[in-house]
Amino acid sequence: MLKEVESLTEQSSSLDSGRISSVALVKKALAKAKENAHLNAFVSLDGENILSQAKASDSRRKLGQALSPVDGIPIAIKDNYLTKDYPTTACSNAAPLEPSNIDATIVKNLRNAGAIIFGKTNMDEWAFSPTNINSNIGATRNPHNPEHITCGSSGGSAAAVAAGIVSAAMGSDTGGSIRMPSAACGIYGFKPSYGRASRHGVLPLSWSLDAPGPLASSLDDIAMLLPYILGRDDKDVSTFRSRPFKKNACTKQINAVYLTGERLERSEEVDNVLRTKLNESLVSVVDAELSHVKNYYAAWEAIIFSEAASYHQKLLQVNAEGFSHRLRAKLEAGLQLTAVELLHAQKLRSRLMHTLMHDYGDWDVLVLPTLPVPAPKHSDEWLEFGGRKVNVPESMLWFCFLGNLTGFPCVTIPVAKSESGMPIGMMLMGRPGKDETLLSIAMELEKNIQGAN
């Protein structure tokens, strides 16, 4: 049975009050990691290193010198973030296998805040799959039911949080890789606006689509983490105009648009759940159809395939056998795309952004299911929903890719359990750069939903 997750904010409060020490916290986390080893959530864990970090945190707190609210709290890191004390493999046999002696900017920020860097989490190879099945250490399993997938590519991070091993973890999102596993595992995931969070030290999948972000056990936890994630970093030019995170409150009537249309189908169960929850949320909701989604998906594919192939081209030439057959086929396909096709994809990207920004009125949030169905089983190859039969990987990306193609901030919140006992998530998309506003809307919406139950 899934254990209740202790939140980051609760852990911070316990440390502040002296009810628990960081050493006790990490010993509990290490014990839970061992207990849940069957989930295959972690690539690497160094108990001695983790305890050493915890002892240093406890020493600071005894002197009244805690570095931040997250000082002494274990946070897991996806295995595509560079970490100076762990290898970074991207769960691929083609990747580096030794510690780089470099921390990704976000890891550095967390470490400087006193957070315990708690191991590296399992992921799809080079983050190029939405199931977390294609990893060189094997698939991650869903804590709600190990027969079901976690989704990916941040599946190890999601499983670690959902199982209560850690209260929060870092992931990356190129087509939904934070949001999909968060929804599948019944937790919260936040994808920042493109350019608000530094990608420095996060191994790229697709430069113009990638966004690092947190997975956590509450929206308050995400708010606690975003100060270490959002903001300008001179090592990532995309963040040149990024502002530091500043939490705000939702003070106005929320105008929501519930997107539907061809290629945005979802199961009847998922649709009914979301409509019910939106009615409970007290937001003003209108349905609107988004057209040409098939073309937008093709544009997203062209961009991700071509940019991934560009990044890996040299490695393919010298170590093609280091990639799995599945990933190598994708990269080789990306090498066949032409400049004309990529430029056409970029035009479609601009068209989608203009459509969403201007064709649906003065909206505050766009709403979709995070996944069209609850997380499928490992044995499933095809799914049927909304009159369609779709292969599992494509169906998991059904909605989330829109947030990456536009660069809009997105958050997924768990809103219900399916008849089969698997979580159902609601995805909210905000206006670009308005990450704080999106988070405050999500908090208000969730508060109203919880108050109605």
Side-chain angles (χ1 to χ4, degrees), residues 2 130 142 144-145 147-151 158 162 176 179-189 219 253-291 293 297 356 360 363-377 380 382-392 394-403 410-430 438 441-453:
L2 191 67
N142 197 307
H144 290 267
N145 186 332
E147 292 184 5
H148 291 249
I149 67 173
T150 59
C151 293
R179 292 161 287 155
M180 294 182 293
S182 294
C185 294
I187 62 170
Y188 300 78
L219 290 173
Q253 171 66 41
I254 300 167
N255 296 316
V257 176
Y258 188 58
L259 291 176
T260 61
E262 186 179 355
R263 272 280 319 200
L264 292 180
E265 297 87 356
R266 68 290 312 256
S267 71
E268 184 177 353
E269 179 184 29
V270 167
D271 188 59
N272 288 340
V273 164
L274 260 67
R275 290 185 181 279
T276 297
K277 297 302 179 183
L278 284 171
N279 287 336
E280 294 172 353
S281 71
L282 306 181
V283 304
S284 173
V285 185
V286 297
D287 280 27
E289 183 172 330
L290 177 62
S291 302
V293 176
Y297 182 80
L356 293 180
Y360 298 109
W363 59 267
D364 299 302
V365 65
L366 305 174
V367 185
L368 284 161
T370 313
L371 300 172
V373 295
K377 293 183 177 181
D380 291 336
W382 295 88
L383 299 173
E384 293 188 16
F385 55 88
R388 285 185 176 273
K389 183 177 181 181
V390 187
N391 67 65
V392 166
E394 184 174 345
S395 65
M396 296 298 95
L397 293 158
W398 209 239
F399 309 114
C400 285
F401 81 93
L402 293 167
C410 304
V411 62
T412 179
I413 60 176
V415 292
K417 290 283 189 72
S418 69
E419 291 182 0
S420 63
M422 299 305 292
I424 294 174
M426 177 188 293
M427 183 174 71
L428 310 176
M429 296 171 59
L438 175 64
I441 288 172
M443 288 177 166
E444 184 70 16
L445 186 148
E446 184 180 51
K447 181 178 69 176
N448 292 338
I449 289 175
Q450 291 175 344
N453 295 329

A375 and I149: which non-hydrogen atoms are nearest, and at how many Å?
-> CB-O, 3.5 Å
Closest contact, heavy atoms only, S267 versus V373 | CB-CG1, 3.9 Å
Using the test ring pair (Phe, Tyr, Trp, His ring centres under 6.0 Å), find all partners of F385 that sit at least two apart in sequence or belong to another chain.
-> W398
Intermediate values then yes/no, salt bridge (charged side-chain N to carboxylate O under 4.0 Å, His left out), E262 and R388 = CA-CA 10 Å; E262 186 179 355; R388 285 185 176 273; 3.6 Å; yes
Rounded to the nearest 0.5 Å, what's the gap from CG on L445 to CG on L278? Could you check?
-> 6.5 Å
Using distance alone, with no hydrogens and no angle criterion, decide if E446 and Y188 have a side-chain donor and acceptor under 3.5 Å apart.
-> yes
When rounded to the nearest 0.5 Å, the distance separating NZ of K447 from CG of L282 is 10.0 Å
Taking the side chain as every heavy atom from C-beta outward, state whether M180 and L371 have any pair of such atoms under 4.5 Å apart.
-> yes
Do L264 and F399 have side chains that get closer than 4.5 Å, going by heavy atoms?
-> yes
Can you tell if the side chain of V390 reaches within under 4.5 Å of the side chain of L397, non-hydrogen atoms only?
-> no
Main-chain N/O of S281 paired to N448 side chain as donor or acceptor, under 3.5 Å = yes
Mind checking whether V367 and M426 have side chains closer than 4.5 Å, heavy atoms only?
-> yes
Atom pair CE/NE2 of M422 and H148 - distance to nearest 0.5 Å | 5.0 Å
What distance do I413 atom CD1 and M443 atom CE have between them, rounded to the nearest 0.5 Å?
-> 11.0 Å
Over all atoms of both residues, closest heavy-atom pair of C410 and M429 = SG-CG, 3.6 Å
Check whether any side-chain heavy atom of M396 sits under 4.5 Å from a side-chain heavy atom of E394, and report yes or no.
-> no
Has R266 got its NZ or CZ under 6.0 Å from the middle of the six-membered ring of Y258, at an angle within 45 degrees of the ring axis?
-> yes
Would you check, one step at a time, whether the test side-chain contact (heavy atoms from CB on, under 4.5 Å) holds for L366 with L428?
-> CA-CA 6 Å; L366 305 174; L428 310 176; over 6 Å; no
Side-chain donor or acceptor of D364 paired with backbone N/O of N255 under 3.5 Å = yes
Taking the side chain as every heavy atom from C-beta outward, state whether L290 and L402 have any atom pair closer than 4.5 Å.
-> yes
Minimum heavy-atom separation for A183 to P423, with atom names?
-> O-CB, 3.4 Å
Test item: V270 and P372 side chains (from C-beta on) under 4.5 Å apart, heavy atoms = no
Set of residues satisfying side chain to side chain donor-acceptor pair (under 3.5 Å) with respect to Q450, sequence neighbours excluded | none
Are T276 and N279 side-chain neighbours, meaning at least one heavy-atom pair lies under 4.5 Å?
-> no
Considering non-hydrogen atoms only, spot the tightest contact between A162 and C185 and give its length.
-> CB-O, 3.4 Å
Any donor-acceptor pair under 3.5 Å from E265 side chain to R263 backbone = yes
Looking only at heavy atoms, the pair that brings T412 and S182 closest together is CG2-CB, 3.6 Å
CG of L259 to CG of L368: how many Å apart, nearest 0.5 Å?
-> 4.5 Å
In sequence, state the C-alpha distance, the side-chain angles, and the governing distance for I424 and L274, and then conclude on side-chain contact (heavy atoms from CB on, under 4.5 Å).
-> CA-CA 9 Å; I424 294 174; L274 260 67; 4.0 Å; yes
In this structure, CZ of R275 is separated from NZ of K277 (nearest 0.5 Å) by 15.5 Å
Keeping the roles fixed (side chain from N142, backbone from H144), state whether a donor-acceptor pair exists under 3.5 Å.
-> yes
Would you indicate whether Q253, at its atom CD, is surrounded by more than 12 heavy atoms from other residues, nucleotides or ligands within a distance under 6.0 Å?
-> yes
Under 3.5 Å: donor-acceptor pair, side chain of N272, backbone of E268 = yes
